[in-house]
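Predicted, not measured: the structure shown is a model, and the values here were computed from it. Counting begins at 1 with the first residue of the sequence. One-based numbering, in listed order, for ligands and for the atoms of each.
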Amino acid sequence: MMEVISEAAAARAHCAALRREGATLGFVPTMGALHAGHLSLIERALRENDRVAVSIFVNPTQYDDPADLERYPRPFAADLAACEAAGADLVFAPSPGELYPDGYRFRVSEGERSRELEGAHRPGHFDGVLTVVLKLFTIIRPQRAYFGEKDWQQLRLVSDMAAAFLLDTEIVACPTVREADGLAMSSRNALLSPVERALAPTLARVLAGGGSPAAMRSALAAAGFSVDYVEHRDGRVLAAVRLGNVRLIDNVEA
Ligand code: PAF
């Protein structure tokens, strides 16, 4: 039977008891609005660990735009049902006060790679992500934590943070899960209008088509996207675009 816990102290005690039993613990941090991409992380965690914890927390500190935070979907009951059906053992769903007793006076700040790409367009975003991930790791203390490659920059920064702070959690990178038409799965896809949804897979097609970042930027702009960036990093091409109010990111091997 899956446990649902909202207090940090209770989640910490629950995970400590699992460790004392000798269980290995996999962890999938999420902001809810779960889709097949999240479920693939939970399934992989279940294959590689005895027990799996999922967190559901829409983290306010990683939003620079209050409207964006407000718009984020929160289908909590459906998320719990999905976690239970997937076989998760624990859902940790804290309130902001539970994770930020200091009111965000203390935070993790990375001074280089968090400032470019997503970080340049969403000031403070990665401080919020890294801070909440470190807090969640401190409570859950997982052997392994699972992150999707769709959020490539996040994955790299979390891996770098785990190394920098000598954490004993292994960061496991998991391939992007895509819709049949190629669109990378994202909780934000639910916010697209039918017309925007029809255009959205063009992002993945343009990135997969190759060429210079400048040529891809032009192709995306001509298709009707507002382009935040298209850049090469780590042998990949990373992009962020906007369709109306919805921001989409994706990346593929270059
Ligand atoms: O990728 C996400 O959903 C979030 O950035 C994360 C890692 C759960 C931190 O809030």
Side-chain angles (χ1 to χ4, degrees), residues 6 8 11 26-42 44-45 52-66 68-76 79-80 82-83 86 88 90-100 104 107-110 113-114 117-119 121-140 142 144-162 165 167 169-177 184-191 238 240 246-251:
S6 55
F27 177 46
V28 180
T30 82
M31 298 205 303
L34 303 182
H35 50 68
H38 295 111
L39 299 181
S40 76
L41 303 183
I42 297 174
R44 174 138 178 213
V52 170
V54 177
S55 62
I56 298 179
F57 178 65
V58 184
N59 176 32
T61 65
Q62 67 190 71
Y63 283 86
D64 58 309
D65 174 2
D68 200 17
L69 173 61
E70 190 62 35
R71 263 196 306 272
Y72 195 85
R74 292 165 171 84
F76 188 61
D79 286 343
L80 288 185
C83 288
L90 165 67
V91 170
F92 177 46
S95 64
E98 198 67 31
L99 284 191
Y100 292 104
Y104 200 39
R107 64 191 70 180
V108 178
S109 177
E110 192 277 348
R113 293 190 65 169
S114 67
L117 305 172
E118 283 304 285
H121 289 270
R122 303 177 67 189
H125 170 65
F126 285 118
D127 288 5
V129 169
L130 295 174
T131 302
V132 81
V133 168
L134 185 62
K135 285 172 186 255
L136 291 167
F137 283 5
T138 306
I139 295 163
I140 306 288
R144 299 182 191 85
Y146 294 79
F147 289 83
E149 287 182 346
K150 184 179 82 69
D151 296 296
W152 183 264
Q153 195 180 2
Q154 167 173 285
L155 167 66
R156 296 298 323 146
L157 285 164
V158 168
S159 300
D160 290 353
M161 176 180 75
F165 290 152
L167 304 183
T169 297
E170 179 192 343
I171 308 303
V172 183
C174 303
T176 302
V177 177
M185 289 204 183
S186 164
S187 306
R188 290 168 190 267
N189 294 352
L191 303 173
L238 282 64
V246 185
R247 195 156 179 285
L248 300 175
I249 63 172
D250 200 353
N251 69 92

Aromatic rings F57 and Y100: how do their planes relate, parallel, tilted or perpendicular, breaks at 30° and 60°?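 Rings of F57 and Y100: tilted, 30 to 60°.
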Describe, in one word, how the ring planes of H38 and H35 are oriented to each other, choosing from parallel (under 30°), tilted (30 to 60°) and perpendicular (over 60°).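 Aromatic pair H38/H35 classed tilted.
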If the test is side-chain hydrogen bond (donor to acceptor under 3.5 Å, both in side chains), which one of Q62, R247, R188 qualifies with D68?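 Exactly one candidate clears the test, R188.
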Looking at L39, L41, V172, which hits side chain to side chain contact (heavy atoms under 4.5 Å, CB included) with V28?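 Single side chain to side chain contact (heavy atoms under 4.5 Å, CB included) partner of V28 among L39, L41, V172: L41.
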Which atoms of ligand 1 have any heavy atom of [X] under 4.0 Å away?
{"X": "V132", "answer": "9 (C), 10 (O)"}
{"X": "M31", "answer": "3 (O), 4 (C), 8 (C), 10 (O)"}
{"X": "Q154", "answer": "1 (O), 2 (C), 4 (C), 5 (O), 7 (C)"}

Looking only at protein heavy atoms, which one is nearest to atom 9 (C) of ligand 1, and what is the separation?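 I find the closest protein heavy atom is Q62 OE1, 3.4 Å.
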Does ligand 1 have a heavy atom under 4.0 Å from the side chain of T30, from its backbone, from both, or from neither?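 For T30, only backbone atoms sit under 4.0 Å from ligand 1.
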Within the side chain of S40, is there an N or O that forms a donor-acceptor pair under 3.5 Å with the backbone of G37?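 Flag set: sc S40 to bb G37 pair under 3.5 Å.
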